[in-house]
Amino acid sequence: MKRFSRLLCFGLVPTLLLFAGCAHYPLNQPIRQEGYSFEKCTQPPDADETFVVLTFSGGGTRAAALAYGVLEKMRRIKLPGRNRTLLDEVDVISTVSGGSFTGAYYALFGDRIFTDFRKDFLDRNIQGELAGEVANPVNWFRLASPWFSRIDLAAELYDRSIFASATFGELASRGRRPFLIVNATNLQDGARFEFTGDQFRYLGSEILSFPIARAVAASSAFPFLLAPLSLVNYPYPAGKKLTEEDRLALEDYWLNRRRYQAASSNALYADAANHPYVHLMDGGLSDNLGLRAVYDLYLRKGIRARINDGRIKRFLVIVVNAKTESPEKLDRSESPPSLAKVAYKTCTISMDNYAFETVEGFRNLIEERLRMQGVNQDCQTLLDRHASDGYRIPSLAGGDMKLGVVDVSFDGLPNPSERAYFNGLPTSFSLTQEQVEKLIEAGGRLLEENPDFREFMQEAF
Amino acid sequence: MEYLLVRFGDEDRGVVIDGVRQGRTNHVLEVEKGTHKISLSPPPADFAPPLIKVILKKTTPLKPRKVAFEKI
């Protein structure tokens with residue numbers, strides 16, 4: 001017995017403490033080669049003509065299943081006159097939190113999602129498995145390290161049991177659409193952080209060797225339940241981190257605050273001496289829809305260049321939004337709500353309002369484009385009718401595009417009791433098979449019956 | 001959005017905005033409001049000036065900001 005105690009004191013405990021001291025999250029590597037970027041996803045060759053963007057919101061397994069239902073429905077929609085489905089036309093998937101599991105799985109494994117994703121993710125009790133990892137005594141010592149936390153355990157679990165240890169290098173080497181944008185939030189400034197080559201260039205880091213599971217873990221690192229995921233911000237030759245666009249945008253404080261703000265967030269990473277690390281949490285804190293990434297692509301990046309080049313004829317954005325609205329009874333009570341209730345409402349009210357405004361803001365942008373197309377055509381018609389010199393108004397680049405924004409959310413369900421059922425589903429990584437099946441079915445139906453979707457399909461094809 | 005029309009005589013040439021190739025001359029391009037550097041897509045680099053800096057605001061598709069390059 002004495003011998004055993006001695007062994008414990010002088011052998012096992014120091015070994016475990018050493019083990020704990022050594023536990024460290026995997027470091028992102030310094031940049032060596034070009035990363036995973038939208039510009040390099042060029043296959044198939046005619047990918048731009050019908051340009052489809054999907055955004056998958058946060059909301060745990062509820063969001064993942066709803067997004068999966070939309071993918072399944074899109075696979076069954078055959079495009080008139082083409083030997084393709086609507087799913088074949090998806091060019092970009094931007095994801096947050098629970099939606100990141102579905103988006104990343106589809107970007108990585110393609111149609112395999114329709115045979116394996118339910119058993120790999122949707123039908124599993126992921127949060128139970130995570131709790132099991134935390135309860136494992138071996139991990140207690142790892143978790144004692146200041147450089148290893150619950151988010152790293154979660155990333156390990158996702159890596160080995162969902163994403164088959166795949167990295168962004170595997171997505172980049174294919175060069176195929178859809179281009180995946182997994183979104184998280186930088187705790188330093190609250191800005192959106194996307195797991196793309198462009199974003200990692202600001203860190204002076206390479207994304208190709210970075211595991212997809214870690215990106216998804218960061219994207220779904222819900223505050224307090226999971227710890228932040230950390231990255232190294234490497235120093236990089238002065239002036240190389242910021243693009244020409246960033247430098248010009250930094251002159252635009254008085255002219256265009258939104259553009260200035262985006263460049264300011266990028267400029268933060270350029271100062272690696274004062275910001276040597278980046279700590280990331282759930283993407284829902286900065287944008288719970290994944291639509292802000294599309295906003296940037298549309299306003300000033302890859303989509304904008306393709307519209308100006310006239311390569312896009314049809315442009316469709318499908319926003320899959322799994323937000324719920326649990327019935328509130330706050331105003332039935334004379335006494336004010338509890339502190340916990342107030343804290344919860346404080347977190348979610350602003351997130352929901354922001355999500356609503358993000359969709360409507362993007363819709364306004366699309367409507368503006370449609371209006372301008374109409375103005376140009378109407379003026380030319382009037383000139384042709386009333387002027388005889390045959391003057392042609394310079395045409396708007398991109399011509400007469402067909403554009404649409406489709407919001408797939410439980411609000412679109414006409415049946416109040418069905419709406420109440422889905423609004424009552426929790427945000428968790430564990431739902432029953434029945435709940436998952438209902439969500440999948442609802443996702444497909446909400447897309448198919450959406451009036452904006454029907455109008456777009458009718459006009460565009 | 002703001003609107004930009006780049007001319008290079010009557011020639012059809014690729015346009016470069018903030019270092020990114022997008023759109024062509026003689027078409028009204030949609031560009032985000034703000035400060036931008038406009039150039040043409042070489043080769044050949046037979047145009048002057050090599051770069052024009054503009055501030056895009058208060059434009060419309062019918063009244064775009066016009067930028068012209070000369071052949072050299």
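So that the names make sense, note that chain A is the first sequence line, chain B the second, and so on, each numbered from 1.
Contact check for K53(B) versus E251(A): side-chain heavy atoms found under the 4.5 Å cut-off. Using a 4.5 Å heavy-atom cutoff, the side chains of L62(B) and C379(A) are in contact.
For A397(A) against H27(B), the heavy-atom pair with the smallest separation is CB-CB, 4.3 Å. For P394(A) against L5(B), the heavy-atom pair with the smallest separation is CG-CD2, 3.9 Å. The minimum heavy-atom distance linking M1(B) with E368(A) is given by the pair N-OE2, 3.3 Å. Between D309(A) and R21(B), the closest heavy-atom pair is OD1-NH1, 3.1 Å.
Of the listed residues (N376(A), I307(A), L365(A)), the greatest number of heavy-atom pairs within a distance under 4.5 Å of chain B belongs to N376(A). Comparing Q373(A), R258(A), R369(A) by how many heavy-atom pairs each has under 4.5 Å with chain B, the most go to R369(A). Counting heavy-atom pairs closer than 4.5 Å to chain A, the top-ranked of the candidates I17(B), T35(B), N26(B) is T35(B). Comparing R300(A), K301(A), R304(A), R311(A) by how many heavy-atom pairs each has under 4.5 Å with chain B, the most go to R304(A).
Both the backbone and the side chain of K33(B) come within less than 4.5 Å of a heavy atom of chain A. Proximity to chain A involves both the backbone and the side chain of L29(B), based on heavy atoms less than 4.5 angstrom apart. Both the backbone and the side chain of K37(B) come within contact range of chain A, each with at least one heavy atom under 4.5 Å from a heavy atom of that chain.
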What verdict does the salt bridge (charged side-chain N to carboxylate O under 4.0 Å, His left out) test give for R259(A) and D18(B), after you've listed the backbone C-alpha separation in whole Å, the side-chain angles of each residue and the deciding distance to 0.1 Å? CA-CA 13 Å; R259(A) 187 176 184 230; D18(B) 304 336; 3.4 Å; yes
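Taking a 6.0 Å sphere around CZ of R363(A), one finds it holds more than 12 heavy atoms contributed by other residues, nucleotides or ligands. Counting non-hydrogen atoms of neighbouring residues, nucleotides and ligands closer than 6.0 angstrom, the CG atom of D378(A) exceeds 12 such neighbours. Residue-environment remark: NZ (K71(B)) exceeds the threshold of 12 foreign heavy atoms within 6.0 Å. Within 6.0 Å of the CD atom in E39(A), the count of heavy atoms belonging to other residues, nucleotides or ligands exceeds 12. Counting heavy atoms of neighbouring residues, nucleotides and ligands inside a 6.0 Å radius, atom CD of E70(B) does not exceed 12 of them.
The backbone N or O of G34(B) sits nowhere less than 3.5 Å from a side-chain atom of N256(A) that would complete a donor-acceptor pair.
Residues of residues 242-249 of chain A having a heavy atom under 4.5 Å from any heavy atom of chain B, listed by number: E244(A), E245(A), L248(A).
Summarising the geometry, atom NZ belonging to K57(B) is positioned 13.0 Å from atom CH2 belonging to W254(A); distances are rounded to the nearest 0.5 Å.
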